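It should be emphasised that the depicted structure is a prediction, and the values quoted were computed from it without experimental measurement. In the text below, chain A, chain B and the rest are named by the order of the sequence lines, each starting its count at 1.
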Number of protein chains: 2
Amino acid sequence: MDTSMKTKFSRQREAIRKQLSGRHDHPTAETLYEELKEEFPRLSVATVYRNLNQLVESGEIAKINLNGPARFDYNPEPHSHFVCKGCGCVVDMSDNNDEALIAARKNFDGDIESCSSQFYGMCSQCIKETAQ
Amino acid sequence: MDTSMKTKFSRQREAIRKQLSGRHDHPTAETLYEELKEEFPRLSVATVYRNLNQLVESGEIAKINLNGPARFDYNPEPHSHFVCKGCGCVVDMSDNNDEALIAARKNFDGDIESCSSQFYGMCSQCIKETAQ
DNA sequence: TACAATAACGATAATCATTATCATTATCGC
DNA sequence: GCGATAATGATAATGATTATCGTTATTGTA
């Protein structure tokens, strides 16, 4: 592939970046598309996917693969997520998985670069609602 | 949904279970389908998906979501996987993520039931081949 | 063993998420 | 401003998965 391609500025990409930066709910491409259509009535889903992929490629954002459509995270640093079995929300965990990395490297015959973990359970909100 | 449905024996489901049990490469539904077609020439992909989902539902196997099609794991116990950036192989990690669970529960305002981690890097085989 | 009820099947259409194509538009260096 | 080309919007195409539906297999009971 030709890696010499110079990226040009685009208002759409800038808007996607901005939209993603101000939140922690890890939206899907579809969600971002719906939201950005207000600002860009002619926006195409393809543009959203294209730019999200480009931002992932460049290491600026991260892609989260769970059940269902991919989610995107403005924080590209490897970190953990909590996935609620009740409402399906995905929230950041403020853990450092350095320890997990160190432990894993001890018994592994290869080169481990990074680690991402998912925790599953019920968020406090869902626990409250179930209790009622 | 009607949860009173009693499952009946099926040769296809039994074959899927058996096929998955004897390996550690976490195949996709498509891979299992191709392999099982030899034993069941009339097998339908739908049957493979149906049964895999059923086994996941009953907690007998686990579904692994990464980039690309879902993979299936005969070990339903939460555990970690290593994903090679070179060849794309997915191998089990013999870590205990109990420590990660305990650490995560300390700073979290909800109920964390389980944890699964992915480690990314280069497997020993790919390191060898790159070095040449 | 036969029979009725129904779970599971195979074939395939439909859906959902994502990517590829392509003619047009916007950006950027000169 | 102009030419080169990256990015766009519209949409067709793809890949993975699920839904539908008429048929077949399993199972409990007569």
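- Among C/dT19, C/dC9, C/dA8, the nucleotide with an atom closest to any side-chain atom of A/Asn53 is C/dT19.
- B/Tyr49 comes within contact range of at least one nucleobase, with a heavy-atom separation under 4.0 Å.
- Taking atom CG of B/Leu43 as the reference point, atom P of C/dG10 lies 5 Å away to the nearest angstrom.
- Across the protein-nucleic acid pair, B/Leu36 atom CG and C/dG10 atom P stand 11 Å apart, rounded to whole Å.
- As a whole-Å value, the separation of A/Ile64 CD1 from C/dA17 C1' is 17 Å.
- Whole-Å rounding puts the A/Arg13 CZ to C/dT25 C1' distance at 15 Å.
- At a cut-off of 3.5 angstrom, counting only N and O atoms as typed in the model, there is no donor on one side facing an acceptor on the other between the side-chain of B/Thr7 and the base of C/dA7.
- Nearest-nucleotide mapping onto DNA chain D: of B/Ala46 and A/Gln54, the residue sitting toward the 5' end is A/Gln54.
- Remark: B/Gln54 CD to B/Ser10 OG distance equals 8.0 Å, nearest 0.5 Å.
- Taking a heavy-atom distance under 4.0 Å as the criterion, the stretch of DNA chain D touched by chain B extends 5' to 3' from D/dA16 to D/dT27.
- The line from OG of A/Ser114 to OH of B/Tyr120 is 7.5 Å long, rounded to the nearest 0.5 Å.
- The same ILVMFWY cluster, assembled from side-chain heavy atoms under 4.5 Å apart, contains both A/Ile16 and A/Tyr33.
- Using a 4.0 Å heavy-atom cutoff across all strands shown, B/Gln12 reaches sugar-phosphate atoms only and no base atom.
- Residue pairs meeting the ring pair (Phe, Tyr, Trp, His ring centres under 6.0 Å) criterion with at least one partner in residues 10-30 of chain B, sequence neighbours excluded, are B/His26-B/His81.
- Map B/Lys8 and B/Val45 each onto its nearest nucleotide of DNA chain C; the residue landing nearer the 5' end is B/Lys8.
- Projected onto DNA chain D by closest heavy-atom contact, A/Phe9 and B/Arg50 fall at different nucleotides, the more 5' of which corresponds to A/Phe9.
- If you check C/dG10, C/dA8, C/dT27 against the side chain of A/Arg11, the one that comes closest is C/dT27.
- Here the C1' atom of nucleotide C/dT6 and the CE atom of B/Met5 are 10 Å apart, to the nearest Å.
- Atom OG1 of A/Thr28 and atom CG of A/Leu66 lie 12.0 Å apart (nearest 0.5 Å).
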Which pairs of donor and acceptor atoms, one on a side chain in residues 39-52 of chain B, lie under 3.5 Å apart (sequence neighbours left out)?
{"residue": "B/Ser44", "atom": "OG", "partner": "B/Ala46", "partner atom": "N", "Å": "3.2"}
{"residue": "B/Thr47", "atom": "OG1", "partner": "B/Arg50", "partner atom": "NH2", "Å": "3.1"}
{"residue": "B/Asn51", "atom": "OD1", "partner": "B/Arg13", "partner atom": "NE", "Å": "2.9"}
{"residue": "B/Asn51", "atom": "ND2", "partner": "B/Thr47", "partner atom": "O", "Å": "3.0"}

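- In this structure, A/Asn65 atom CG and C/dT18 atom C1' are separated by 12 Å, rounded to whole Å.
- Rounded to a whole Å, the CD atom of B/Glu39 is 13 Å from the P atom of C/dC9.
- At least one donor-acceptor pair under 3.5 Å links the side chain of A/Arg71 to the backbone N or O of A/Asp25.
- The residue B/Thr28 sits apart from the nucleic acid: no heavy atom pair falls under 4.0 Å.
- Following rounding to the nearest Å, B/Leu55 (CG) and C/dA8 (P) show an atom-to-atom distance of 11 Å.
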